[in-house]
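Worksheet: one structure, shown below.
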Amino acid sequence: METNGPLPSTMLNTVSSYDALISLLSLHYMSGSRQRTLGGGGQRVLDYLKRMQAENPAFFYSIQGDSEHSAGNVFWADASSRMNYNYFGDTVIFDTMYRISRFRVPFATFTGVNHHGQPVLFGCAILLNESESSFVWLFQTWLHAMSGRCPVSITTDPDRLIQLAVTQVLPETRLRFNKWIIYRETQEKLAHIYQSHPAFEIEFQKCIDEMETVEEFESCWESLLGRYYLMDNEWLQSMYNARQQWVPVYLRDTFFGELSAAEGSAGVNPFFDGFVTAATTLQMLIKQYEKAVNSWHEKEIKADSDTVNIIPVLKTPSPMEKQAANIYTRRIFMKFQEELVETLANPATKIEESGTITIYRVAKFGEDLKAHTVRFNAFEMKASCSCQIHILAVFKAKNVLTLPSQYVMKRWTRNAKSGIMVDGHALDVPTNSQESLMVRYSNLRQEAIKFVEEGAKSIHVYNVAMDALQEASKKVAALKSQANGSTQTGNLANGGNRELAASDETAPYQSTAEKEKRIRELTAELETTNRRCEVYRANLLSVLKDMEEEKLKLSVKVQNARLSLKE
């Protein structure tokens with residue numbers, strides 16, 4: 001499992017030796033138009049954003065420029081995106097794949113990964129203008145919508161304009177370039193090598209993805225370029241100069257939210273994959289956006305249900321495995337289980353001991369040449385390894401029966417959405433009357449989820465829970481009707497330079513406005529809860545149906561067995 005670590009000053013974003021790589025890639029992006037207009041579908045998008053904010057003040061949108069009819073960039077993030085960032089905003093992917101895939105809509109996204117390992121949305125943008133100042137505006141606006149909290153890491157396209165904007169707006173966030181794009185560009189620029197030497201691609205990717213130490217990578221890289229006479233290749237030299245921003249072995253001290261090395265190679269943002277394509281027009285965008293949001297919401301509900309209702313099959317007698325099964329979500333536990341079982345083939349041998357520090361040698365059976373050194377501090381219950389993948393083997397050797405607390409990242413647990421998360425830790429939430437809209441949203445959401453999980457455990461409890469929800473819905477509707485008769489609040493739509501105007505949580509709430517907001521939040525939460533209940537009900541009915549079928553099959557077998565005995 002990955003853990004967060006301090007960011008060395010040498011690893012912070014800089015404009016330095018990798019400028020050559022950025023410049024080369026930027027030429028590819030600049031081949032298309034850098035200035036677009038919203039066109040006929042623009043008003044539909046703007047109307048949608050206004051309507052969504054009117055329905056829920058936690059919906060944020062902003063348009064660059066002083067007029068909604070100008071050719072400025074557009075950014076928006078709904079309440080769920082903003083809340084998800086509180087829990088999973090430690091690592092972010094800024095995706096502008098439309099630029100090299102020739103999309104009809106310049107659609108860019110901020111995404112992350114949730115506690116089930118699923119993609120989660122942090123905001124969307126339509127980029128009509130791709131200047132440096134526009135990207136700076138976009139990152140500043142996005143950061144404001146996310147309450148000003150910078151992520152630990154961000155993965156972007158290797159484009160100079162984006163890199164400059166990240167450096168300016170997120171100076172302490174670790175910047176990583178999208179490895180998939182670099183692979184794609186390498187294949188184009190070295191087409192003659194790929195064609196004449198089919199083995200080069202396999203060796204090249206192995207050098208990047210499978211080397212476990214910096215020394216191994218450096219040696220492999222030099223050997224690879226020497227074998228194919230590429231020592232003077234300008235493209236490969238620029239890639240090497242930028243190695244600390246894209247080669248995995250240099251990025252292991254930073255959290256990127258990936259569960260396997262292969263995930264770091266993904267080139268298409270999976271959140272909108274299949275929903276927004278090169279054929280999607282601006283008129284179709286909002287509909288496809290909502291389809292994607294609803295689809296992933298349903299998948300998260302299904303993953304929540306599986307985590308609660310499916311008991312994992314343990315593969316070892318280890319108390320640590322049982323502990324992990326109880327605290328992690330189902331998918332994360334299965335990944336942890338794979339790593340735990342792998343330790344059986346990676347014995348740890350003590351080679352040195354000094355006070356509370358013990359040094360171990362860890363290697364697979366028959367692979368002594370690829371041994372790794374792991375240091376274990378008995379006082380701190382902490383292990384460190386250059387590759388960060390053999391710590392469990394040392395825990396096993398030291399008879400550490402359960403995972404030390406510092407190795408359990410809350411963002412991967414079943415309770416990831418309880419409290420506000422910062423770098424894997426929960427913050428105390430305010431309880432006074434001035435607590436923010438986002439905190440109230442979080443509290444209501446968590447209580448609703450707990451209610452749904454308990455209500456889905458049996459048909460009887462489900463019926464009771466559904467009756468309670470319907471009663472609550474009536475009370476909320478009555479309160480809403482009462483509030484509608486009172487004085488209406490002022491217009492909350494963005495105005496002027498709107499990036500700081502939408503949903504300003506620092507402004508004091510008037511009593512009527514507060515009441516209306518709560519009504520909208522409760523109504524939205526009830527609708528979500530009702531959808532969850534329907535999913536759970538369908539799952540429960542499916543399980544009961546399967547049980548009845550198995551019971552029938554067993555009855556038939558018993559009857560046949562009795563007949564056989566009589567004969």
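Since the structure is predicted, the reported quantities are computational estimates derived from the model, not experimental observations.
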Within a 6.0 Å radius of atom CE on Met52, are there more than 12 heavy atoms belonging to other residues, nucleotides or ligands? yes
How about NZ on Lys287, more than 12 heavy atoms from neighbouring residues, nucleotides or ligands closer than 6.0 Å, or not? no
CD (Glu222) with more than 12 external heavy atoms under 6.0 Å: no
Would you tell me whether Tyr228 and Glu203 have side-chain atoms, one donor and one acceptor, within less than 3.5 Å of each other? yes
Does the side chain of Ser62 come under 3.5 Å of the side chain of Thr141 through a donor N or O and an acceptor N or O? no
Checking the side chain of Thr329 only, and the main-chain atoms of His115 only, is there a donor and an acceptor separated by less than 3.5 Å? yes
Electrostatic pair Arg176:Glu258 at N-O distance under 4.0 angstrom: yes
Could you check whether Arg243 pairs with Glu218 (Lys NZ or Arg NE/NH1/NH2 to Asp/Glu carboxylate O, under 4.0 Å)? yes
Can a donor-acceptor pair be found between the side chains of Asp47 and Gln43 at a distance below 3.5 Å? yes
Could I get the full list of side chain to side chain donor-acceptor pair (under 3.5 Å) partners for Ser133, not counting sequence neighbours? Ser131
Flag side-chain contact, heavy atom, 4.5 Å: Phe255 against Met409: yes
Are Tyr289 and Trp76 an aromatic pair by the rule of ring centers under 6.0 Å? yes
Residues passing the ring-ring contact (aromatic ring centres under 6.0 Å, His included) test with Phe275, sequence neighbours excluded, are none
Is a side-chain donor-acceptor pair under 3.5 Å present for Gln337 with Glu321? yes
Indicate whether the side chain of Ser305 and that of Asn309 have a donor and an acceptor atom separated by less than 3.5 Å. yes
